[in-house]
There are 2 protein chains.
Amino acid sequence: MNDFNEKDISMTFLKGMKVLECFSGIDRAMSISEIAKKTDLNRTVTRRLVLTLEHLKYLESTDRRYSLTPRILRVAGGFLQGHDIGKHVTPILKSFSDKIKESISFVMLDEDRAIYVAHSPGDQRLITQGFTIGSTLPLHATGLGRAILAFCPEDRQKELLKKSPCASYTNNTTVDPEKLKSDLTLTRARSYALVINEFEEGVTSLAVPVLHQDGELIGAVGIVGPNPRFQDEKKRQERLNVLHECAEEIAMLV
Amino acid sequence: MNDFNEKDISMTFLKGMKVLECFSGIDRAMSISEIAKKTDLNRTVTRRLVLTLEHLKYLESTDRRYSLTPRILRVAGGFLQGHDIGKHVTPILKSFSDKIKESISFVMLDEDRAIYVAHSPGDQRLITQGFTIGSTLPLHATGLGRAILAFCPEDRQKELLKKSPCASYTNNTTVDPEKLKSDLTLTRARSYALVINEFEEGVTSLAVPVLHQDGELIGAVGIVGPNPRFQDEKKRQERLNVLHECAEEIAMLV
DNA sequence: GCTCATATGATTGAATATCGGACAAAAAGA
DNA sequence: TCTTTTTGTCCGATATTCAATCATATGAGC
C-alpha cells in the first residue's frame, strides 16, 4: 500500500483527489464502477469517496451517474483571484486581442506542462481548438511551452528537459534534445518562440514570456493559428509587438 | 467526531477538502498554523493534509507559506470542458458583449449562490467589480440570482427561499420574503430580472435565464453596471434582446 | 418475458492509517 | 538574551479503511 510514501502523506486524501481528478478527462458523467476502474481504486473505497464528494456538493448524481458541479470553480476562483486573473489579466488579454483580432492565451507552468490560465477568444467564433482554462500543452512542441522552457531558471529547465520524453505529435515535432536546446537558445536570444507544424499540422504558434522585473518567470502569452496567418513578415512583427506589450502589462500585476 | 455523519463519508477526505477550500478566500499564502486555525482542524492533521496537497502539486511552499498552484485549474477545466464553456459559451458571450459594449456574465446555481462560470469583459477595462470565474453572488439580491431563482423548479425554489436568510447589503435590499416572491413572479412573467441598488448602491443588474427547450434551468446571463447606463428605456430593451438571444444560443449547446 | 452478466448497495471484521496529545526543535519577536 | 509562537516528530488509542461476501438492481441478449 505504501511503496515509497513518506508517512506525512494521507493515503485517503490522495485517493480522494484521484477520484476528483478523474473527472478532468472527457467523460462527463460516470458511474461508481467506472470511476473505480479509471482510478484503479477499490470499488467500496471509491464509493465512499464519491459519496463524500457528493456530500460536499462537488459531484451530483443523476441516474447513478456522477458529474462535476460548478462548485470546483470556487477553489479555482481562489487561484484566479489571488493572481488577479479575472480582474486584470483577462481584460488586458481582451484589449490586445481586439487590437489584432486574434485570440490570445496566457499560460503558466504546471509541473511539466503549460496550463491555460486565461484566454481571450478572437473575433471569429471558430476553432479555438477546444483549448480553454485548465487545458494543458506539452512544453517542447508548442510556442507557449517553449517560451516558458526558454526562460525557466536553468536548473528547472534541465529537470524539465530530462523528464520530458519529447513525444512526437506530427512529422515535424522536434524530438532531438540537442535541436530543442538550440531552439531554446534562439528563443531566449530573440525573446520569442515561433513553432510551426510541430504540435498540429498546419498550425503556427507565436509566444513570448511574461517576466517579472527581476527576471523571474511568471508564464507566457501567445497566439495560435493556421500557418498562412503568420507568413506576412510585417504582420508577424506587429503581433510580436502586441504580445510583448501585453506580457509587460501582465507582469506588472501578477 | 461523528455527530450525524453517515458512515459513508470519509472524514479524512472531508478534512482534506476543507484545507483545499480554505484557499478560495482572500489569503494568498498561508502557513500551516494559519490553515489549521482557519479550517479549525488539529495542527498535526492539517500538516499532513497540506503536505499531501503539496505532494500532489496543488500547493507549493515558499518560506513555509503555502499557496495554490495552477494545478487546480485542471480539475476546473474538466467541468468547463464538459460544458463546452471555453469552446462555445465564452466566444458567444464575447460576440454579444462586443455588440453592446458591455461585460456579460454567465452564472449557474451552486448550492444557494449563483456562481460565475464564464465572463466576457466589456470594452472599458475598468470596474468588473472583481468578479471572476468562481466568484459567487447571493440569489435574492442580484439580477443574475433572481433570474435563477425565478426559473428554478418550484420545489427547489421553495427550499432556496426557506434556507436563505435574506442578508441585507444596502438599504434597498429586498429582505421581505413576500416582496421577494412577488418580484420573482414578475421576473417569471416578463422573462427577465432587473435589480437596482440592492447588492451595491448605485449598481443595476439585468439578467435573463438560460433554459433548455424542455424548460430545465441551466443558468443565467446578465449585465451589471452603474445605474445611469440602464435608465434609457430603449437601450435597456436593446440589451434585453441581446441577452435573450445570447441565452438562447447558450441553451442550444450546454 | 426470461436468463445471464454486470453494476450497485450493504455488512462484516481484521488490518492499519489517522488522530491528536506531548514533547522537542526551530523561528520569530521583544 | 529570553519569551512566545510556530513547526516537526513520536506513539498509543481509536476510528477508518477496505477485501470478501452476499443481496439486490439494472441492463443486454435471446
Side-chain angles (χ1 to χ4, degrees), chain A residues 1-23 25-69 75 82, chain B residues 1-23 25-69 78 82:
Chain A
M1 181 75 359
N2 48 344
D3 24 58
F4 67 90
N5 300 303
E6 313 171 29
K7 61 178 176 242
D8 284 329
I9 293 202
S10 162
M11 283 306 176
T12 307
F13 188 23
L14 204 99
K15 290 175 191 172
M17 290 307 293
K18 215 169 166 186
V19 169
L20 187 58
E21 281 170 4
C22 89
F23 283 91
I26 340 104
D27 318 282
R28 191 113 92 85
M30 288 185 284
S31 72
I32 290 190
S33 0
E34 282 174 310
I35 299 171
K37 227 173 271 169
K38 197 165 172 187
T39 54
D40 200 29
L41 294 173
N42 175 286
R43 198 173 52 78
T44 316
V45 177
T46 306
R47 181 169 168 273
R48 202 179 21 238
L49 296 173
V50 167
L51 290 178
T52 306
L53 283 172
E54 186 182 22
H55 175 81
L56 291 171
K57 319 258 186 199
Y58 284 89
L59 295 179
E60 64 189 358
S61 63
T62 340
D63 281 335
R64 297 221 173 89
R65 304 184 72 77
Y66 293 84
S67 53
L68 283 176
T69 69
V75 186
Chain B
M1 182 69 6
N2 49 343
D3 24 57
F4 67 89
N5 299 304
E6 313 170 30
K7 60 179 179 244
D8 285 328
I9 293 206
S10 162
M11 282 306 174
T12 307
F13 188 23
L14 204 99
K15 290 175 192 173
M17 290 307 290
K18 215 170 166 185
V19 169
L20 187 58
E21 280 171 4
C22 89
F23 283 91
I26 341 104
D27 319 281
R28 191 113 92 87
M30 287 185 284
S31 69
I32 290 189
S33 17
E34 283 174 310
I35 299 170
K37 228 173 273 172
K38 197 165 172 187
T39 53
D40 200 29
L41 294 173
N42 174 285
R43 195 180 51 79
T44 314
V45 175
T46 306
R47 181 169 170 274
R48 189 148 18 97
L49 296 172
V50 167
L51 291 177
T52 305
L53 282 171
E54 186 182 20
H55 176 80
L56 291 171
K57 318 258 187 199
Y58 284 89
L59 295 180
E60 65 190 356
S61 62
T62 341
D63 281 334
R64 294 216 176 91
R65 303 184 72 77
Y66 293 84
S67 53
L68 284 175
T69 69

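The figures that follow rest on heavy atoms only: side chains count, while hydrogens, waters and symmetry mates do not. Sequence lines set the chain letters: A, B, ... in the order given, protein chains first and strands last, and positions in each chain run from 1.
- The distance between atom CZ of Arg43(A) and atom P of dA20(D), rounded to the nearest whole Å, is 12 Å.
- Atom P of nucleotide dA17(C) and atom CE of Met11(A) are separated by 8 Å, given to the nearest angstrom.
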Would you list the protein and nucleotides 27-29 of chain C atom pairs, both N or O, that sit under 3.5 Å from each other?
none

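- The distance from atom OG1 of Thr46(A) to atom NZ of Lys38(A), rounded to the nearest 0.5 Å, is 13.0 Å.
- The shortest heavy-atom contact between Gly16(A) and Leu53(A) is O-CD1, 4.5 Å.
- Lys37(B) meets the side chain to side chain contact (heavy atoms under 4.5 Å, CB included) test with no other residue; sequence neighbours excluded.
- The main-chain N or O of Thr44(B) is found under 3.5 Å from a side-chain atom of Asn42(B) such that the two form a donor-acceptor pair.
- Among the atoms of the strands shown, base atoms are found under 4.0 Å from some heavy atom of Thr44(B).
- Close to dA17(C), at under 4.0 Å from its OP1 or OP2, lies no side-chain N or O of Ser10(A).
- In this structure, Ile32(A) atom CD1 and dA10(C) atom P are separated by 10 Å, rounded to whole Å.
- Note: CG (Leu49(B)) to C1' (dG20(C)) measures 13 Å, nearest angstrom.
- When the C1' atom of dT5(D) is taken as reference, atom CZ of Arg47(B) falls 17 Å away, rounded to whole Å.
- Between Asn42(B) atom CG and dA22(C) atom C1' there is a gap of 12 Å when expressed in whole angstrom units.
- In terms of heavy-atom proximity, Phe13(A) sits nearest to Met17(B) at CE1-N, 3.9 Å.
- Closest approach to the Arg48(B) side chain among dT6(D), dG8(D), dC19(C) is made by dC19(C) (side chain taken as heavy atoms from C-beta onward).
- Closest to the Thr12(B) side chain, of the nucleotides dA7(C), dA10(C), dT18(C), is dT18(C).
- Phosphate contact (OP1/OP2 of dT18(C), side-chain N/O of Lys15(B), threshold under 4.0 Å): absent.
- Nearest heavy-atom pair across Arg48(B) and Ser10(A) is CG-N, 3.9 Å.
- Nucleotide dT16(D) holds its C1' atom 15 Å from the CG atom of Leu51(A), rounded to whole Å.
- Look at CZ on Phe13(A): it is 11 Å from P on dC19(C), rounded to the nearest Å.
- The CG atom of Leu49(A) sits 11.0 Å away from atom NZ of Lys18(A), with the distance rounded to the nearest 0.5 Å.
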